[in-house]
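What follows is a set of notes on a single structure, which appears directly below.
Residue indices begin at 1 and follow the sequence shown. Atoms within a ligand are numbered from 1 in the order they appear, just like the ligands themselves.
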Amino acid sequence: MPRQERIIRPWERRKVTEGKTAYVSRDRSFYASNAWRTASERYRRENPFCVECLKADMLTDCSPGTGNGVTDHKVPISSGADPWDESNWQVLCHKHHNSKRFKERKDRQHGDD
Ligand SMILES: [Zn+2]
């Protein structure tokens, strides 16, 4: 019996996670997918401003249309949200995205992400 360990290479993993439902449990590969990148870029073209900067009237801090922002899920997909539900999307600049991630991580009380 061959005791060779099966190594899953990155390109094989991508194949495994294909299909929208698989992305929900593997949000890391979801964010790396071409489908998400394309959709996210399109969304940021349509919504160039960080919603938090808009709220705080701080638009000088995030330059519109430079691709500096990120498309964020208001309800994180790691909490079971549908990653493709655009009503759950918002554009954040890196500063606001980082502080949201930080808060989410604190809320979840585990640091493996
Ligand atoms: Zn912002």
Side-chain angles (χ1 to χ4, degrees):
M1 194 167 141
R3 49 182 303 274
Q4 213 180 4
E5 233 172 80
R6 172 96 173 98
I7 298 161
I8 299 182
R9 320 238 174 225
W11 55 89
E12 293 180 316
R13 201 175 310 156
R14 206 172 307 153
K15 220 188 294 171
V16 171
T17 54
E18 227 155 296
K20 288 177 187 174
T21 44
Y23 289 141
V24 179
S25 51
R26 303 294 315 153
D27 51 325
R28 226 173 286 237
S29 25
F30 167 77
Y31 285 115
S33 72
N34 280 334
W36 167 251
R37 282 184 191 173
T38 309
S40 157
E41 269 167 36
R42 196 251 315 144
Y43 187 77
R44 274 178 287 138
R45 265 198 306 275
E46 291 165 5
N47 306 274
F49 299 110
C50 165
V51 293
E52 293 299 330
C53 287
L54 270 177
K55 263 190 245 169
D57 206 11
M58 289 165 43
L59 278 184
T60 45
D61 277 9
C62 56
S63 343
T66 56
N68 272 336
V70 295
T71 309
D72 177 61
H73 291 90
K74 294 179 211 167
V75 179
I77 58 177
S78 52
S79 307
D82 176 2
W84 297 103
D85 177 7
E86 287 195 29
S87 66
N88 187 37
W89 295 3
Q90 63 184 356
V91 172
L92 293 176
C93 66
H94 284 293
K95 193 176 73 183
H96 280 120
H97 186 240
N98 285 343
S99 57
K100 180 175 183 274
R101 297 265 305 168
F102 181 74
K103 194 179 166 297
E104 278 168 11
R105 220 169 302 176
K106 248 175 54 184
D107 288 350
R108 271 188 286 160
Q109 298 276 332
H110 64 79
D112 65 346
D113 174 357

What residues, two or more places apart in sequence or in another chain, satisfy side chain to side chain contact (heavy atoms under 4.5 Å, CB included) together with Asn47? Tyr43, Val91

Backbone or side chain, does His97 get an N/O/S atom under 2.8 Å to the Zn ion (ligand 1)? no

Taking atom CG of Asp82 and atom NE2 of His73, what is their separation to the nearest 0.5 Å? 7.5 Å

Cys50 atom SG and Cys53 atom SG as seen from the Zn ion (ligand 1), angle to 10 degrees: 110°

What N/O/S atom of His96 gets nearest to the Zn ion (ligand 1)? ND1

What do the steps show when you test Lys100 against Glu104 for salt bridge (charged side-chain N to carboxylate O under 4.0 Å, His left out), and what is the final call? CA-CA 6 Å; Lys100 180 175 183 274; Glu104 278 168 11; 2.4 Å; yes

Can you tell me if, anywhere in His94, an N/O/S atom lies at a distance from the Zn ion (ligand 1) that is smaller than 2.8 Å? no

Can you tell me if Arg44 and Ser40 form a side-chain donor-acceptor pair at under 3.5 Å? yes

